[in-house]
2 protein chains.
Amino acid sequence: MSTKTRGYDYLPGISIDCVIFGFHDNQLKILLLNFKNTDWLAVPGGFIKESENLEEAAQRILEERTGLTNIYLEQFYVFGDRDRRDNEMLKSLMKAVDGVELSPDHYLMTRFLSIGYYALIDFTKANPTPDYTSDSCQWYDIDTIPTLIYDHSAMVKKALETLRFFLDEKLIGFNLLPEVFTMNDLQNMYETILDKKLLRTNFQRKMLSLGILERLDKKMTGAANKAPYLYRFVGKESNV
Amino acid sequence: MSTKTRGYDYLPGISIDCVIFGFHDNQLKILLLNFKNTDWLAVPGGFIKESENLEEAAQRILEERTGLTNIYLEQFYVFGDRDRRDNEMLKSLMKAVDGVELSPDHYLMTRFLSIGYYALIDFTKANPTPDYTSDSCQWYDIDTIPTLIYDHSAMVKKALETLRFFLDEKLIGFNLLPEVFTMNDLQNMYETILDKKLLRTNFQRKMLSLGILERLDKKMTGAANKAPYLYRFVGKESNV
DNA sequence: CCAAAAGTGTTACTATTACACCCATGC
DNA sequence: GCATGGGTGTAATAGTAACACTTTTGG
C-alpha cells in the first residue's frame, strides 16, 4: 500500500505542504520553490515516510529546506479537493524538472491529499535550500506573491489567516524573531502581520503585562536617541 | 493506487472520523458506534471515494449515520501517528464483526491517517443508524464516555476543545438546537458546553446584541410563570 | 395574590484607547 | 541644547459583570 520512491517507503496519496513564514525588513515573507526550467512556484512540500509521525515528517521537510531543527509548526488544514492538482501541469512539470514522461499510472498521477502546515522561523538563521526539483528556494514578500501552482495560493491564504487569528491567542509571533529583540521589532512584526498600526505605548504595556518578556541590557545603537531595552521571550517554551 | 472495497474506489490509507455532537436534556452528547460482538466503541468514520471531495465524503458519512443532510461540520485535526492504530486489535475486531481473518497484507492492516471532523446536529432530527460493523449507534453524554478504540478518545477531546474555542467565535452553537428555541435553551447549551454558569441577564443582552436572533411569538408552556419568547437564528447561513 | 421564570435598567469594575509627558542618547 | 525615539502616567471610552427591579403566567 506504500509507495517506493527514492529508496524510502512513503505513504501513498498524501503529501505535506509547508507555508514557511519569516520576518525581515518589516516584511512578512514566505519561502517558495521555483521549479527547474519553469517559472512555476510552489510551497515546499514532501511525503511521509512509513516510519514517521506526521509532525516528524513536517519537521524533516522543514529542515531540508531551511537547515533548522525544532521549528515551530502547526497543522492548519487538509487540502483534498478531487481536482486540486492538474495532472497535465504535473506532467509538464516533471518533464521540465526531471526529463521524464510520467505514465498515466505513475503514483504521482493519482489523487493526492495535502496536509497543510505553517511554520514560523527566524529569518536570520534560515538557510533556504532548493530540492532536486527546483533551482531556487527564496523568500517572497507576502503581499507580492505571484500565482502558485495547484491550490498553493489558497494554502498560503489560509495559512496567513490562521497565523493572524492565533498571533495573540497562542503568542506564537516570537518564533519569527531572533533570540533578542527590541519592543520596536516586536511591534513592527505585529503591525506587519495584522496589517494595521498599533499604538506604541499601549502595545508595550500589553506585551509586558503578559509576563513572558525578560528585559535585558539596553541596546546601544549609536543612533541619536534613547537606547531601547532588548527583550527575550521566556515562559512557556516557544516551540509547541 | 486506490483501494477497491465494497464496490467503490476509495483513497488508500486515509479515513475520516466524525465526532458528532448533539444536545439534549441539558447534556452535550456524541454519537458512538458499538462494534458487533465486542464492547469496543468508536467514533463513526469512513473512507473517501475517488469521486468525492473531502467534505463531501464527510457529509456522506454523517448522513449514513444520522439521516441528515447539509450538516454543519468542520475539519479539526489530522491524526497520523505511526502507531495510532493497533493492528492486533483491528484483527480481533474484524474477526468479531465480520468473521474474517485479516491477512497481514490486507489494505486495512496498513498505516492509516484519519482526518477528524466535528459535526453539530439537531438532536431531535437525527436518526442514529449503525453501520454493517456495529450493532448500535447511540448517544453518549460527553462527560461519561468510556474508553474508545485507537486514538478516538484523543479525537473526542480535541474536537471538544475546538468546539469550545469556536463556540462564540464562529457562532456555531445554533446548529445544536432546533429551528426555534428559547433564550433559556440557548443559555443551557452554552453553559453545558463551556461547563460554567453564565449570568442570565447579561447572556440575554449579549446574544441579542449580536443581531442574529429573530424574536418570534411567545411560547405558552402552561407553566406558572411568564412565557418566554421563542427565537430563531438568522443572518449568515448556519451551515458553512 | 403568590411563586416562578422572563425581561429590563442601573451601577461598578476592568480592559482598551488615546494622548500627554518625561527620559536618554549622539550630534 | 535639541532632535529623535524609548518609556511611563493618566483621562476617556467601551465592554463586562453583578445585581436590583419589573413583567407575565397559572394556580
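Just so we're on the same page: letters track the sequence lines, and every chain starts at 1.
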Interatomic distance where CE belongs to A:M207 and C1' belongs to D:dG7 [whole Å] = 16 Å
Of the listed D:dG7, D:dC19, C:dC19, the closest approach to the A:M183 side chain comes from D:dG7
Closest of C:dA20, D:dC19, C:dG7 to the A:T201 side chain is C:dA20
Spacing of B:L208 atom CG relative to C:dG9 atom C1', expressed in whole Å | 15 Å
Rounding to a whole Å, what distance do you find between B:L198:CG and D:dA17:C1'?
-> 12 Å
Residues A:E161 and A:K157 bridged, charged N to O under 4.0 Å = yes
Is A:R65 reaching over with its side chain to a backbone N or O of A:T129, donor-acceptor style, under 3.5 angstrom?
-> yes
For B:Q204 and C:dG9, what is the distance between atoms CD and P respectively, to the nearest whole Å?
-> 11 Å
B:K197 has an atom NZ; how far is it from atom P of D:dC19, in whole Å?
-> 16 Å
Measure the distance from CG on B:D185 to P on C:dG7 and round it to the nearest whole Å.
-> 11 Å
Is there a donor-acceptor contact under 3.5 Å from the side chain of B:N175 to the main chain of B:I172?
-> yes
Return the value, rounded to whole Å, for the distance between atom CG of A:L199 and atom P of D:dT10.
-> 18 Å
5' precedence on DNA chain D between B:R200 and B:R205 (nearest-nucleotide basis) = B:R205
Residue A:A227, side-chain atoms from C-beta onward, closest of D:dT8, C:dT25, C:dG7 = C:dT25
Regarding the side chain of A:N202, the nearest nucleotide among C:dG7, C:dT8, C:dC19 is C:dC19
Euclidean distance, atom NZ of residue A:K196 to atom P of C:dT16 [Å, nearest integer] | 12 Å
Name the one of A:D122, A:L213, A:L120, A:V234 that satisfies side chain to side chain contact (heavy atoms under 4.5 Å, CB included) with A:F174?
-> A:L213
